[in-house]
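When a ligand or atom number is given, it counts from 1 through the structure's own listing order.
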Amino acid sequence: MAVYTEVADDQLDAFLAEYDIGEPQSCKGIAEGVENSNYMLATTRGTYFLTLYEKRVDPRDLPFFLGLMDHLAARGIPCPTPLHGRDGRALRTLADRPAAIITFLPGLWPRRILVDHCGPVGTALARLHLAASDFAQKRPNALSVAGWRPLMDASRERAHEVAPGLADELRTDLAALERDWPADLPAGVIHADLFQDNVLFLHDKLSGLIDFYFACNDLLAYDIAVCLNAWCFEPDRSFNVTKARALVGGYQQVRPLSAAERAALPLLARGAAMRFLLTRLYDWLHTPPGAMVKRKDPMECLAWLRFHRSIASADGYGL
Ligand SMILES: Nc1ncnc2c1ncn2[C@@H]1O[C@H](COP(=O)(O)OP(=O)(O)OP(=O)(O)O)[C@@H](O)[C@H]1O
Ligand SMILES: N[C@@H](CCO)C(=O)O
């Protein structure tokens, strides 16, 4: 259960006294999620989402994440809005942790991805990119190509515990990605983790984009590449070109891709598969037994990576 930090009643009362959102009625821990402690907070005025940021979030990044949500919500993106206290601050301290209250969005994330989910996800992603284009704060992507070798080094010696020969297999991919990674494609603020559990739907309509805690500045097309991995593979790990067409089609209704972005998609998708493989591999090997963190399967990403390796152009995705 993702409640690492318990909040005592008097701590909550003192915290809420800084806001103008009524009296607390209940504050229930939310079991899902692994990074932070999350609570559904009901007050006499409404329902809110309270997060206490745990150790994997660098507190120095929080003004970027909260400022970005403010910026996007003000431009009509269906993302949570941070609540500001009477002193104007959205970020404060609760139970010795950095903490913030954000609006509670309606909807549920889709347990089974359908083609009909993919178009709206692409469209929402493109809108996010455009809406963030005048966001002033910057946050480099620590998990882009320059960050992959150190991550690999941290797992190399034990990678065979996950799959025999894994480190050797990844060596060639990593070298190719480092050599060919594009530098001159359109860049801006990206979500960087728009997986199915970060998109809410209500009555078949996209109702929310959440979890901006990997957002950063990077290539816009890389965000599409993340989504090709996250949304277009079936549980049997086969690639679904209909989903890819819907996703990229939805994106291009709002922001058409340049020829160079289109051409770069196979490499970017291979890179995105590498990024999630390496963080999952690291967590797999370094999470102590009994920890509350639910580990995700790195082998799923290896299947994605192998597929993208075999794709020569965007045509290979049915685009
Ligand atoms: N603003 C929000 N409104 C409504 N539900 C939300 C909101 N933010 C998150 N949730 C829901 O709360 C749960 C936990 O959130 P989330 O997944 O962001 O947690 P997390 O600790 O950051 O973990 P992770 O990074 O692993 O996803 C999820 O079920 C998500 O759908
Ligand atoms: N979306 C990530 C988990 C971190 O949010 C993954 O699937 O590995």
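- Within the listing of ligand 1, atoms 1 (N) sit less than 4.0 angstrom from a heavy atom of Pro80.
- Linking ILVMFWY residues whenever their side-chain heavy atoms come closer than 4.5 Å, directly or via other members, places Leu41 and Tyr19 in the same cluster.
- Protein heavy atom nearest atom 17 (O) of ligand 1, with residue, atom name and distance: Gly33 CA, 3.8 Å.
- The existence of a salt bridge linking Arg270 and Asp180 is excluded, since no basic side-chain nitrogen approaches an acidic carboxylate oxygen closer than 4.0 Å.
- Against a heavy-atom cut-off of under 4.0 Å, Ile102 is close to the following atoms of ligand 1: 1 (N).
- If you check which protein heavy atom lies closest to atom 28 (C) of ligand 1, you get Glu32 OE1, 3.3 Å.
- With a 4.5 Å cut-off on side-chain heavy atoms, Asp134 and Arg75 count as touching.
- Every atom of ligand 2 with a heavy atom of Phe195 under 4.0 Å away is listed here by number and element: 1 (N), 7 (O).
- For ligand 2, the polar-atom distance check finds an N/O of Lys296 within less than 3.5 Å of one of the ligand's N/O atoms.
- Proximity of the aromatic rings of His308 and Tyr317 is defined here by a centroid distance below 6.0 angstrom, and this criterion is met.
- Classification of Asp315 and Arg262 as a salt-bridged pair holds, one side-chain N sitting under 4.0 Å from a carboxylate O.
- Test Asp61, Asp58, Asp218 against Arg139 for salt bridge (Lys or Arg N to Asp or Glu O under 4.0 Å) and you get one pass: Asp61.
- The ligand atoms of ligand 2 that sit less than 4.0 angstrom from a heavy atom of Phe276 are 2 (C), 6 (C), 8 (O).
- Side-chain atoms of Val248 and Leu257, non-hydrogen and from C-beta on, do get closer than 4.5 Å to each other.
- Between Thr103 and Phe49 the shortest heavy-atom distance is O-CB, 4.1 Å.
- In this structure, the protein non-hydrogen atom closest to atom 26 (O) of ligand 1 is Val34 CG2, 3.0 Å.
- The closest non-hydrogen atom to atom 24 (P) of ligand 1, taken over Asp211, Asp193, Thr103, comes from Asp211.
- Of the protein's non-hydrogen atoms, the one nearest atom 3 (N) of ligand 1 is Leu105 N, 2.7 Å.
- For Glu35, no heavy-atom contact with ligand 2 is shorter than 4.0 Å.
- The side-chain tip of Arg275 points at the ring of Phe214 from less than 6.0 angstrom away and within 45° of straight on.
- Protein heavy atom nearest atom 6 (C) of ligand 1, with residue, atom name and distance: Phe49 CE1, 3.4 Å.
- Close approach to Asn38 involves these atoms of ligand 1, each under 4.0 Å from a residue heavy atom: 14 (C), 15 (O), 19 (O), 20 (P), 21 (O).
- Counting only heavy atoms of the protein, atom 30 (C) of ligand 1 lies nearest to Ile210 CD1, 3.5 Å.
- Note on Glu169 versus Arg306: salt bridge recorded, some NZ/NE/NH1/NH2 to OD/OE distance being below 4.0 Å.
- Every atom of ligand 1 is numbered from 1 in the order shown, and the set under 4.0 Å from a heavy atom of Asn36 is 21 (O), 22 (O).
- Atoms of ligand 2 found under 4.0 Å from any heavy atom of Phe214 (numbered from 1 in listed order, with element): 4 (C), 5 (O).
- In terms of protein heavy-atom proximity, atom 8 (O) of ligand 2 is closest to Arg280 NE, 2.8 Å.
- Short contacts between ligand 1 and Ile30, defined as distances under 4.0 Å to a heavy atom of the residue, involve ligand atoms 12 (O), 13 (C).
- Note on Trp304 and Ile311: same hydrophobic cluster, where clusters join Ile, Leu, Val, Met, Phe, Trp and Tyr whose side-chain heavy atoms are under 4.5 Å apart, directly or indirectly.
- With salt bridges taken as basic N to acidic carboxylate O contacts below 4.0 Å, none links Arg280 and Asp283.
- Short contacts between ligand 2 and Asp193, defined as distances under 4.0 Å to a heavy atom of the residue, involve ligand atoms 1 (N), 2 (C), 4 (C), 5 (O).
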